[in-house]
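So that the names make sense, note that chain A is the first sequence line, chain B the second, and so on, each numbered from 1.
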Protein chains: 2
Amino acid sequence: MVRERKGCLVPPRKPDATILDVARTAGVSAATVSRVLNGSGPVSPSARGRVEEAVERLRYMPNASAKSLRHLKTSTLAVIVSDILVSYYAEIVKGIENTAGALRYKILICDAQNQREKEADYMTLAMDRTVDGIILIAPMLGDAELAAYADRGYALGLIGRRIDHPAIPCVYTDNVGAATEAVAHLIGQGHEQIAFLSGFADATDSYERLEGYMKALRQASLPFRPELIDSGGFSESGGYEAFLRLRERSQSFTAVFAANDEMALGIYRACAELGIPIPAGMAVVGVDNNRVGKYVAPALSTIDPPKHAMGALLAEKLIDQLGEGRHAATRCFEVSSRLLVRGSSASGLT
Amino acid sequence: MVRERKGCLVPPRKPDATILDVARTAGVSAATVSRVLNGSGPVSPSARGRVEEAVERLRYMPNASAKSLRHLKTSTLAVIVSDILVSYYAEIVKGIENTAGALRYKILICDAQNQREKEADYMTLAMDRTVDGIILIAPMLGDAELAAYADRGYALGLIGRRIDHPAIPCVYTDNVGAATEAVAHLIGQGHEQIAFLSGFADATDSYERLEGYMKALRQASLPFRPELIDSGGFSESGGYEAFLRLRERSQSFTAVFAANDEMALGIYRACAELGIPIPAGMAVVGVDNNRVGKYVAPALSTIDPPKHAMGALLAEKLIDQLGEGRHAATRCFEVSSRLLVRGSSASGLT
DNA sequence: TTGTACGCGTTATCAA
DNA sequence: TTGATAACGCGTACAA
């Protein structure tokens with residue numbers, strides 16, 4: 001599959017020009033060059049001119065590592081995601097990157113590959129000051145661990161999770177409310193036996209959505225049936241298998257609320273194989289508004305969180321906090337998502 | 001939409017322990033601490049023990065900026081993509097991140113938002129030595145500019161594009177061959193008038209795929225009809241609009257080869273609105289194997305490049321080159337993609 | 001208005 | 001086996 005084309009030699013890299021090189025070329029001291037570049041002090045027009053010319057000629061650019069060491073800050077944030085391939089994370093990352101970029105911050109991307117261990121490893125990026133702060137999206141680490149990092153003085157921010165720690169800004173959605181709305185919608189469509197597909201049992205997103213599910217049942221005076229609950233690990237294949245297990249246990253439910261769209265897509269696959277029509281034979285609602293959901297037939301009803309905005313908002317808050325130093329105000333924000341009713345849960349729609 | 005929860009105060013950050021703190025605590029010099037940590041010299045067992053204990057107690061971690069300054073390298077690569085939301089880029093980034101991580105390199109993600117200007121801006125990351133090298137995926141910058149950067153001593157790597165420069169490793173696919181195969185497949189299905197949807201006219205991917213398109217026509221002795229060519233900027237909406245323009249100019253073509261899957265999805269939307277059945281009324285083949293293509297009905301035929309492997313391979317080569325210093329061997333690799341025939345171009349398939 | 005001197009934290013060199 | 005010292009490149013008191 002791979003064909004090699006040619007081999008060649010890399011020329012030796014010539015050292016970059018330093019501020020001293022510029023100073024010598026311009027016939028001034030390094031301090032003057034620094035003042036010109038940072039506008040940090042008075043400089044005579046003639047000196048400024050010579051410095052600018054020298055900078056131009058030598059293509060001088062201040063070394064980022066030296067600046068970082070000097071200021072003890074790197075203007076870089078790390079973003080830890082479970083899987084950058086999932087559009088949910090990618091979209092949040094994009095929101096973060098856009099805002100951070102506007103504030104002259106860089107973003108280190110960290111793909112934890114759904115492994116708690118890797119997620120923990122990436123925290124060293126804060127400890128060795130590779131980054132000024134870390135943004136975690138739906139982290140697997142527990143509240144206690146996260147709080148411990150913050151207590152040790154590392155700047156953290158959370159997306160899709162709330163934690164009560166004064167130094168940790170959070171942006172999250174009203175999972176319970178949105179899930180309640182989604183399930184109430186299914187009930188409104190006439191469904192009385194509705195299954196729930198959880199992700200990982202210990203994930204906040206899982207149990208808050210379960211809570212909303214149960215709340216909607218209660219409000220409609222429908223019984224809670226434990227046999228209609230299963231877990232699919234937030235993945236397509238997990239959703240597929242969980243749905244098959246559900247069907248083995250019960251043939252009587254007519255709708256499923258999946259804790260994310262990936263699992264909902266697995267349900268689609270299972271239904272296709274079992275010859276169950278959606279929504280006539282099985283109504284489906286997911287969460288995340290994964291891009292794929294718009295293209296499946298019928299289109300997938302889902303809960304749509306403002307992913308890009310969530311990323312942008314948290315990035316802004318975390319960077320604010322870094323800038324304000326000792327006593328920045330930190331906040332937690334609840335953003336609201338909306339239910340997108342599409343063909344998978346309502347006849348008459350595509 | 002956004003509700004503020006609470007404000008609070010950030011405690012002052014206490015300074016990190018430095019190597020000198022550790023040295024004092026252990027009753028040795030900084031040099032000895034360094035030797036213990038890096039295994040870079042002989043250390044007596046007793047000294048080693050005291051140092052390790054001090055490191056533990058102070059939770060010492062060497063400052064990354066200081067290391068970078070000392071070594072004049074950051075162990076970081078930048079990856080510039082047009083749009084991290086497009087699964088093609090996300091998958092390559094994942095391949096890069098995985099491999100780079102294994103080699104102890106970090107990845108700075110740069111979303112150029114399809115703007116040539118932003119892409120050029122990100123090149124400063126190499127110039128100010130924020131990163132040791134830059135990986136560009138299907139860049140908008142021209143060969144001359146890229147070569148100029150490399151000539152100035154910046155380490156670059158290219159994915160999805162070939163350039164003849166001794167210092168720039170490249171990983172790319174046989175666009176012409178794959179496109180030829182795709183169009184030949186359509187011809188094999190009985191299509192004689194086949195449209196081609198280009199991305200940006202000046203993108204390598206566009207014209208190489210056009211070349212393959214024309215080659216397949218030639219090989220089948222079919223005439224080339226300029227009115228069957230249009231451009232959709234590689235986006236879904238662009239594909240949608242371009243397809244409508246094509247149909248205005250000609251009603252007689254029965255198949256389209258789109259230079260990427262995003263545009264192919266736009267064609268799906270246009271066909272749905274026009275009531276044209278796929279593949280019976282219009283066969284469609286795309287490029288990239290976008291994840292969505294598997295879920296649309298009918299499934300989208302596409303050319304499948306080994307995205308993850310491409311990212312991993314280039315990351316490895318570029319990092320190799322950085323490590324070997326003056327005279328690393330650099331290479332260009334052509335990887336082969338395969339044609340996935342699915343329902344959009346062959347009856348009898350889903 | 002300018003230059004000198006020092007420190008940010010680390011590591012390599014050298015002498016002991 | 002160890003420690004003092006000198007960079008890496010920058011910015012900033014402070015002195016001139």
(request) Name every residue in residues 28-39 of chain A that has at least one heavy atom under 4.0 Å from any atom of DNA chain C, in order of residue number, or write none if there are no such residues. (result) A/Val28, A/Ser29, A/Ala31, A/Thr32, A/Arg35
(request) Please tell me if the side chains of A/Pro169 and A/Leu314 come closer than 4.5 Å, counting only heavy atoms from C-beta onward. (result) yes
(request) With sequence neighbours left out, write down each residue that passes salt bridge (charged side-chain N to carboxylate O under 4.0 Å, His left out) with B/Arg24, or none if nothing qualifies. (result) B/Asp21
(request) Could you check how far NE2 of B/His71 sits from P of C/dT13, rounded to whole Å? (result) 11 Å
(message) If the cut-off is 4.0 Å, is A/Lys67 near the phosphate of D/dG11, judged by side-chain N/O to OP1 or OP2?
(response) yes
(request) Would you mind reading off the distance between A/Ile19 atom CD1 and D/dC8 atom P, rounded to a whole angstrom? (result) 14 Å
(message) Under a 3.5 Å distance rule, please check whether A/Asp132 uses its side chain to pair with a backbone N or O of A/Leu77 as donor and acceptor.
(response) no
(message) Tell me every residue that passes salt bridge (charged side-chain N to carboxylate O under 4.0 Å, His left out) with A/Lys67, counting only those two or more places apart in sequence or in another chain.
(response) none
(request) Mind checking B/Leu72 for me? I need base, sugar-phosphate or nothing, with any heavy atom below 4.0 Å counting as a touch. (result) sugar-phosphate
(message) Rounded to whole Å, how long is the line connecting atom CG of A/Asp21 with atom C1' of D/dG9?
(response) 10 Å
(request) Calculate the interatomic distance between B/Asp16 atom CG and C/dT10 atom P; express it in whole Å. (result) 9 Å
(request) Report the residue (B/Ala66 or B/Pro45) whose heavy-atom-nearest nucleotide on DNA chain D is the more 5′ of the two. (result) B/Pro45
(request) Under the salt bridge (charged side-chain N to carboxylate O under 4.0 Å, His left out) rule, collect the residues that match up with B/Arg35, sequence neighbours excluded. (result) none
(request) Tell me what A/Pro42 touches on the nucleic acid: a base, only sugar-phosphate, or nothing, going by heavy atoms under 4.0 Å. (result) base
(request) Apply side chain to side chain donor-acceptor pair (under 3.5 Å) to B/Lys73 and list each qualifying residue two or more places apart in sequence or on a separate chain. (result) B/Tyr105
(message) Please enumerate all residues that pass salt bridge (charged side-chain N to carboxylate O under 4.0 Å, His left out) together with B/Asp151, with sequence neighbours excluded.
(response) none
(message) Closest approach to the side chain of A/Asn63, judged atom by atom: which nucleotide of C/dT2, D/dC10, D/dT1 is it?
(response) D/dC10
(request) Calculate the interatomic distance between B/Leu69 atom CG and D/dA7 atom P; express it in whole Å. (result) 14 Å
(message) Using heavy-atom distances to pick each residue's nearest nucleotide on DNA chain D, tell me which of A/Met61 and B/Arg50 is more 5'.
(response) B/Arg50
(request) Specify the separation, in whole Å, of atom NZ of B/Lys73 and atom C1' of D/dG9. (result) 19 Å
